[in-house]
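The next block holds one structure in the form of C-alpha cells; read it before the comments.
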Amino acid sequence: MAFDLTQASVAAIAARIQARELSAVEAAQHFLARIAQHRGLNAFVATDPEATLAQARAADAAIAAGNAGPLAGVPIAHKDIFVTRDFPTTAGSKMLEGYRSPFDATTVARLAAAGAVTLGKLNCDEFAMGSSNENSAYGAVQNPWDATRIPGGSSGGSAAAVAARLAPAVTGTDTGGSIRQPAAFCGITGIKPTYGRASRYGMVAFASSLDQAGPLARSAADCALLLSAICGPDLDRDSTSLDRPAEDFSRQLGDSLEGLRIGLPKEFFGDGLASDVRAALDAALKQYEQLGARLVEISLPRTELAIPVYYIIAPAEASSNLSRFDGVKFGHRAAQYGDLLDMYKKSRAEGFGDEVKRRIMVGTYVLSHGYYDAYYLKAQQIRRMIADDFQQAFQSCDVIAGPVAPTVAWKLGDKSDDPVANYLADIYTLPGSLAGLPGMSLPAGFGEGGMPVGLQLIGNYFGEARLLNAAHRFQQATDFHLRTPEGF
C-alpha cells in the first residue's frame, strides 16, 4: 500500500525519513503545497518556503551524517505566540506587526534540536486572549469541519492546521483551555502539561502564572513524541520553569487500563452540558469501562467559581505583561502624537484590539488601590481552594474525565457581541488551569451538525504519561482521531 504522507503520523513520517525512504525536503514541499492550497482556512499567518526548505536540507544532511534527532525532518508549525528567528512573530496583533525576534523560544529551539522542520506560524487570538480565534488582527480562522464555525481558541490556527492535514503536528499554548478547547472543536488531540514543565521563555506573555506550551496532533502517541522534546528544565531563562528532568512520555503508552479509576465530577455533568455532547461522552466512558477502567463519582465543588477567579487573575497579569507595549522600544508606534503621554495612548489604542483592551481595563481595575484586596487577593485565595479540591478528588481516582466545552463549536459571530458568553464556554477547562494540572482533549465522537466532541482528561501533577496512556488505549479501540473533514 502506498505511503500516504497527508494522513501519516509523526512517528511514521520520522521513521520514513530516518530510513531515507522519504527526504525531509519532500515532506516539507508536500505540506507547503497543502498550506497554499487551503489558504482560505486562514490557519497560517506566515510562511517562508525558503526558510522551511533550508531547515529541511539541514535535517537531511544530519540524517546522512548519522547524527539526526528523533523528529528529524518532521514538518511542524508554531502558534504565532512563540518567537522565531526565521519567521515574524506578531501574537495575532497589529501591535507586533512585522516584528522579527533575534532568538527562538525554548519550545521552538527544543523541537528544532530534535530535528523538526518549521512550516510557518499559525493564527491565534490576539495575545492568546479568546476562545474562538475571532480576536486575531488577521481575521477569524475557519473550522475545517464546517467553514461557518469557529475552530476554538486561542490556538485555533494550530488546531485547524492539524485537522485539515496542513501539518502533522503543531505547537499551541494553554492559559485557560486554549489547547484543549480548539483540539476538541476540531477533532484532534492536544495536551497541556503540568505548569512549569515546558519553558515559557520566548512565549509572548499573557498571564504568567497560567501560560503553558504544549503540542496538538492527531493522536496521543504523536503528542507524546512532541511533548518529550518540549519539556524539561530551563532554569537560567524561565523563573517559573520546574527543576524536573525531561522524560519519555511514550514509555507508558502500551500499559493496560485495568483498574484505572476515572473520576467523574458531578459538577461537570449538570444542566449546562448540551445533550449531544453528553451522549458522545457517555459512549466514550462506556468504552473505557470495556478497556478495564472503573468510573467513580467525585466532586469539584468550586467549579463554578473558576470563571470569576480566572477572569480576575488572568486580566490582572495581562495588564502587567502588556504594559511593555507602549510604542517606545518595540511594537507599533502611532504616526502622529503630541507628547510622550499622547504617544502612549495613541500607540496602544491603535495597536490593541477590543478584547485585549477589555482585559487590560479589567486587570488594571482589580489591581488598583482599594480593589486589590477585594478582588485579586480574594481570587488567589479561591484559586488555592480549587487546587485543594483536585487533591481531595485524586484520593479516590487516578484521572478525571469530563467535557472540554458545554457545546460543539458554535457559528462564527454568534458570541462576538457577548464576551461573557464566550467566557462561560471555558467552565470545564479553567479549574485545571488554575490548579496548574496537566490536561488533554481527545476526539470522543460527534455531536450536532456532525461536529467533533472532545473528552477532557485531567491528571495529577506530573501525570502526563498516565494521561497519554489512557488516551492512547482509547484511540486504539476507536477511530475518531483518524477521521478527516470532507475536502481535506
Side-chain angles (χ1 to χ4, degrees), residues 10 14 24 27-28 31-32 35 43-59 62 68-92 96 99-124 127-128 154-155 157-159 161-162 166-175 178-179 190-193 196-206 211-217 222-223 225-238 240-241 246:
V10 169
F31 285 104
L32 286 171
I35 292 164
F44 278 80
V45 293
T47 53
D48 184 342
E50 284 187 24
T52 297
L53 294 174
Q55 291 184 21
R57 284 191 288 272
L71 297 175
V74 175
I76 63 168
H78 296 292
K79 183 177 179 178
D80 193 30
I81 211 83
F82 295 100
V83 300
T84 44
R85 274 183 304 196
D86 292 341
F87 301 86
T89 301
T90 69
L96 281 172
Y99 174 69
R100 288 263 180 175
S101 169
F103 65 95
D104 284 332
T106 296
T107 291
V108 173
R110 284 181 174 167
L111 286 166
V117 172
T118 303
L119 293 167
K121 302 298 283 293
L122 295 155
N123 203 345
C124 61
F127 289 103
S154 62
S155 306
S158 299
V162 174
L166 309 186
V170 298
T171 58
T173 61
D174 193 308
T175 305
S178 289
I179 285 174
I191 183 167
K192 175 195 91 76
R197 273 275 212 183
S199 173
R200 293 191 308 107
Y201 181 74
M203 204 164 94
V204 180
F206 162 18
D211 296 342
Q212 196 61 186
L216 297 96
D222 283 353
C223 282
L225 289 173
L226 266 75
L227 196 64
S228 299
I230 291 170
C231 288
D234 193 20
L235 307 179
D236 294 339
R237 296 184 295 188
D238 175 12
T240 60
S241 177

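Predicted model, so just to flag it, every value in this text is computed and none were measured.
Side-chain contact between P193 and L227 is present, with heavy atoms from C-beta onward closer than 4.5 Å. The shortest distance between side-chain heavy atoms of I230 and L111 falls below 4.5 Å. Between F127 and L96, the closest side-chain pair of non-hydrogen atoms falls below 4.5 Å. Within the 4.5 Å cutoff, no side-chain heavy atoms of T52 are placed close to those of T118.
How far CD of Q55 is from CG of D48: 9.5 Å, rounded to the nearest 0.5 Å. Residue S158 holds its OG atom at 11.5 Å from CG of L166, rounded to the nearest 0.5 Å. For the atom pair CG of L119 and NE2 of H78, the computed distance is 9.0 Å after rounding to the nearest 0.5 Å. Distance CG/L216 to CD1/I191: 10.5 Å, rounded to 0.5 Å. With rounding to the nearest 0.5 Å, the separation of CG in L32 from CG in L53 is 6.0 Å.
Looking at residues two or more places apart in sequence or on another chain, you find no salt bridge (Lys or Arg N to Asp or Glu O under 4.0 Å) involving D238. Partners of T173 under the side chain to side chain donor-acceptor pair (under 3.5 Å) rule, at least two apart in sequence or in another chain, are K79. Remark: F103 engages Y201 in a ring pair (Phe, Tyr, Trp, His ring centres under 6.0 Å) (not counting sequence neighbours). Qualifying side chain to side chain donor-acceptor pair (under 3.5 Å) partners for R85, counting only residues two or more places apart in sequence or in other chains: none. Partners of D222 according to the side chain to side chain donor-acceptor pair (under 3.5 Å) rule, which considers only residues two or more places apart in sequence or in another chain, do not exist here. Taking the side chain to side chain donor-acceptor pair (under 3.5 Å) definition, one finds that T90 meets it with D80, Y138, sequence neighbours left out.
The nearest pair of heavy atoms linking F44 to A161 is CE1-CB, 4.1 Å. The minimum heavy-atom distance linking G73 with V117 is given by the pair CA-CG2, 3.9 Å. The nearest pair of heavy atoms linking V162 to P168 is CG1-O, 4.3 Å. Pairing each heavy atom of P75 with each of F31, the nearest pair is CG-CD1, 3.7 Å. Counting all heavy atoms, side chain and backbone alike, G172 lies closest to S155 at CA-OG, 3.7 Å. In terms of heavy atoms, A56 sits closest to A24 at O-CB, 3.4 Å.
Between D234 and S199, the side chains place a donor N or O and an acceptor N or O closer than 3.5 Å (distance only, hydrogens not considered).
With hydrogens and angles ignored, the 3.5 Å screen pairs a side-chain donor or acceptor of S178 with a backbone N or O of S154. R197 places no side-chain N or O within 3.5 Å of a backbone atom of A213 that could act as its donor or acceptor partner. A donor-acceptor pair under 3.5 Å is absent between the side-chain atoms of Q212 and the main chain of K192, judged by distance alone. Judged by distance alone, with hydrogens and angles left aside, the side-chain atoms of D174 form a donor-acceptor pair with the main-chain N or O of I179 at under 3.5 Å. Side-chain atoms of K121 come within 3.5 Å of backbone atoms of P88 as a donor-acceptor pair (strictly under, hydrogens ignored).
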- Item | Evaluation steps, side chain to side chain contact (heavy atoms under 4.5 Å, CB included), between L122 and V170 | CA-CA 9 Å; L122 295 155; V170 298; 3.7 Å; yes
- Query: Please walk me through it: do I35 and T47 pass side chain to side chain contact (heavy atoms under 4.5 Å, CB included)?
  - Reply: CA-CA 9 Å; I35 292 164; T47 53; 4.1 Å; yes
- Query: When you look at D104 and V83, which way does the side chain to side chain contact (heavy atoms under 4.5 Å, CB included) test go after all the steps?
  - Reply: CA-CA 5 Å; D104 284 332; V83 300; 5.9 Å; no
- Message: Before you tell me yes or no, could you show the steps for F82 and T171 under side chain to side chain contact (heavy atoms under 4.5 Å, CB included), namely the whole-Å CA-CA distance, both residues' side-chain angles and the distance that decides it to 0.1 Å?
- Response: CA-CA 9 Å; F82 295 100; T171 58; 3.5 Å; yes
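Of the options D211, T240, T106, a side chain to side chain donor-acceptor pair (under 3.5 Å) to R200 is made by T240 and by none of the others.
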